[in-house]
Amino acid sequence: QVQLVESGGGLVQAGGSLRLSCAASGSIFSINVMGWYRQAPGKQRELVATIIESGGSTNYADSVKGRFTISRDNAKNVVYLQMNSLKPEDTAVYYCNAHLKYAEAGPVWSYWGQGTQVTVSS
């Protein structure tokens, strides 16, 4: 069984910074893609950033480009999200996502963390 455990959320003033972490544990062969999504009250869940295992290619939502940085430690199955210059509109529950395999020849499964609240005050 696989678990994704997020940490690092909290309350911060506008212009401040937070760093989110997400650790994947369990019977994992490889994690192809790890990413962060967020969901604000009354809105749909949206992509924030993703990073692939091979080569570390990243993808960001336009709203966070230049402010957020995603990175990962493949050896530890951990993904980070460094959030700088935070704005009130960044307030949301942030979810970690991983596309992983249990075996080399097996299918890809998608897992979600439980979410961590980020609140940015004006």
Side-chain angles (χ1 to χ4, degrees):
Q1 192 160 358
V2 173
Q3 279 191 319
L4 300 182
V5 178
E6 299 123 331
S7 60
L11 173 65
V12 65
Q13 288 189 330
S17 298
L18 283 174
R19 189 191 194 208
L20 305 183
S21 300
C22 172
S25 62
S27 182
I28 299 170
F29 172 77
S30 67
I31 304 179
N32 302 342
V33 182
M34 297 190 83
W36 291 95
Y37 292 72
R38 68 187 181 186
Q39 188 166 17
K43 295 188 177 181
Q44 289 189 329
R45 190 173 298 188
E46 63 177 2
L47 168 73
V48 176
T50 59
I51 183 168
I52 65 172
E53 178 185 28
S54 177
S57 178
T58 58
N59 180 49
Y60 294 93
D62 288 342
S63 60
V64 306
K65 283 181 181 177
R67 300 187 298 122
F68 291 9
T69 302
I70 189 170
S71 60
R72 62 187 286 178
D73 184 333
N74 291 333
K76 297 180 180 179
N77 289 334
V78 177
V79 63
Y80 306 97
L81 186 68
Q82 178 65 44
M83 305 185 293
N84 298 328
S85 302
L86 282 160
K87 304 175 181 180
E89 50 263 44
D90 294 318
T91 295
V93 177
Y94 283 69
Y95 296 91
C96 174
N97 175 259
H99 290 185
L100 59 88
K101 290 185 173 183
Y102 295 123
E104 183 174 9
V108 177
W109 299 88
S110 178
Y111 278 88
W112 292 91
Q114 80 284 356
T116 185
Q117 177 70 45
V118 171
T119 302
V120 184
S121 63
S122 57

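Because the structure is a prediction, the values reported are computed rather than measured.
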In a table with atom names and distances, give each donor-acceptor pair under 3.5 Å that connects a side chain of residues 23-37 to protein atoms at least two apart or in another chain.
none

Using 4.0 Å as the upper bound for N to carboxylate O, is an ion pair formed by K87 and D90?
no
Scan for ring-ring contact (aromatic ring centres under 6.0 Å, His included) pairs involving residues 52-78, sequence neighbours excluded, and state none if there are none.
none
Identify the two heavy atoms, one from E6 and one from G115, that lie closest to each other, and give their separation to 0.1 Å.
OE1-N, 2.6 Å
Check for a donor-acceptor pair, side chain of T91 on one end and backbone N or O of V120 on the other, with a separation under 3.5 Å.
yes
Partner residues of Y80 under the ring-ring contact (aromatic ring centres under 6.0 Å, His included) criterion, sequence neighbours left out
none
Checking K43 now: which residues fulfil salt bridge (charged side-chain N to carboxylate O under 4.0 Å, His left out) with it, not counting sequence neighbours?
none
Determine, stepwise, if the pair R38 / V64 fulfils side-chain contact (heavy atoms from CB on, under 4.5 Å).
CA-CA 12 Å; R38 68 187 181 186; V64 306; 4.0 Å; yes
Of all the heavy-atom pairs spanning Q44 and Q39, show the shortest one and how long it is.
C-CG, 4.1 Å
Looking at every non-hydrogen atom in both residues, tell me the closest pair between V108 and K101 and how far apart they are.
CG2-CE, 3.8 Å
Scanning both residues in full, the closest heavy-atom pair of S85 with S17 reads N-OG, 4.4 Å
Looking at V48, T116, T69, which one forms a side-chain contact (heavy atoms from CB on, under 4.5 Å) with L81?
V48
Who are the salt bridge (charged side-chain N to carboxylate O under 4.0 Å, His left out) partners of E53, not counting sequence neighbours?
none
Nearest 0.5 Å, please: how far is NE2 in H99 from CD1 in I52?
13.0 Å
Verify the cluster assignment for I70 and V118: are they in a single hydrophobic cluster under the rule of side-chain heavy atoms below 4.5 Å apart?
yes
How long is the straight-line distance from CZ of R72 back to OG1 of T50, given to the nearest 0.5 Å?
10.0 Å
Which pairs with one or both residues in residues 66-122 pass disulfide (SG to SG under 2.5 Å), sequence neighbours excluded?
C22-C96
Show your reasoning for whether side-chain contact (heavy atoms from CB on, under 4.5 Å) applies to L47 and N59.
CA-CA 9 Å; L47 168 73; N59 180 49; 3.4 Å; yes
Any non-hydrogen side-chain atom of R45 less than 4.5 Å from a side-chain atom of N97?
no
Just wondering, more than 12 heavy atoms not from Q117 lying within 6.0 Å of its CD?
yes
Quick check: are there more than 12 heavy atoms from other residues, nucleotides or ligands sitting under 6.0 Å from CH2 of W112?
yes
So, do M83 and L20 sit near enough that their side-chain heavy atoms are less than 4.5 Å apart?
yes
Tell me whether L4 is reachable from V79 by hopping between hydrophobic residues (I, L, V, M, F, W, Y) whose side-chain heavy atoms are closer than 4.5 Å.
yes
Is there a chain of hydrophobic side chains (I, L, V, M, F, W, Y, each step under 4.5 Å between heavy atoms) that links V78 to I51?
no
Can you see which heavy atom on A92 is nearest to which on A40, and at what distance?
CB-N, 3.8 Å
Students often mix this up, so state it plainly: with edges at 30° and 60°, are the rings of Y111 and Y102 parallel, tilted or perpendicular?
perpendicular
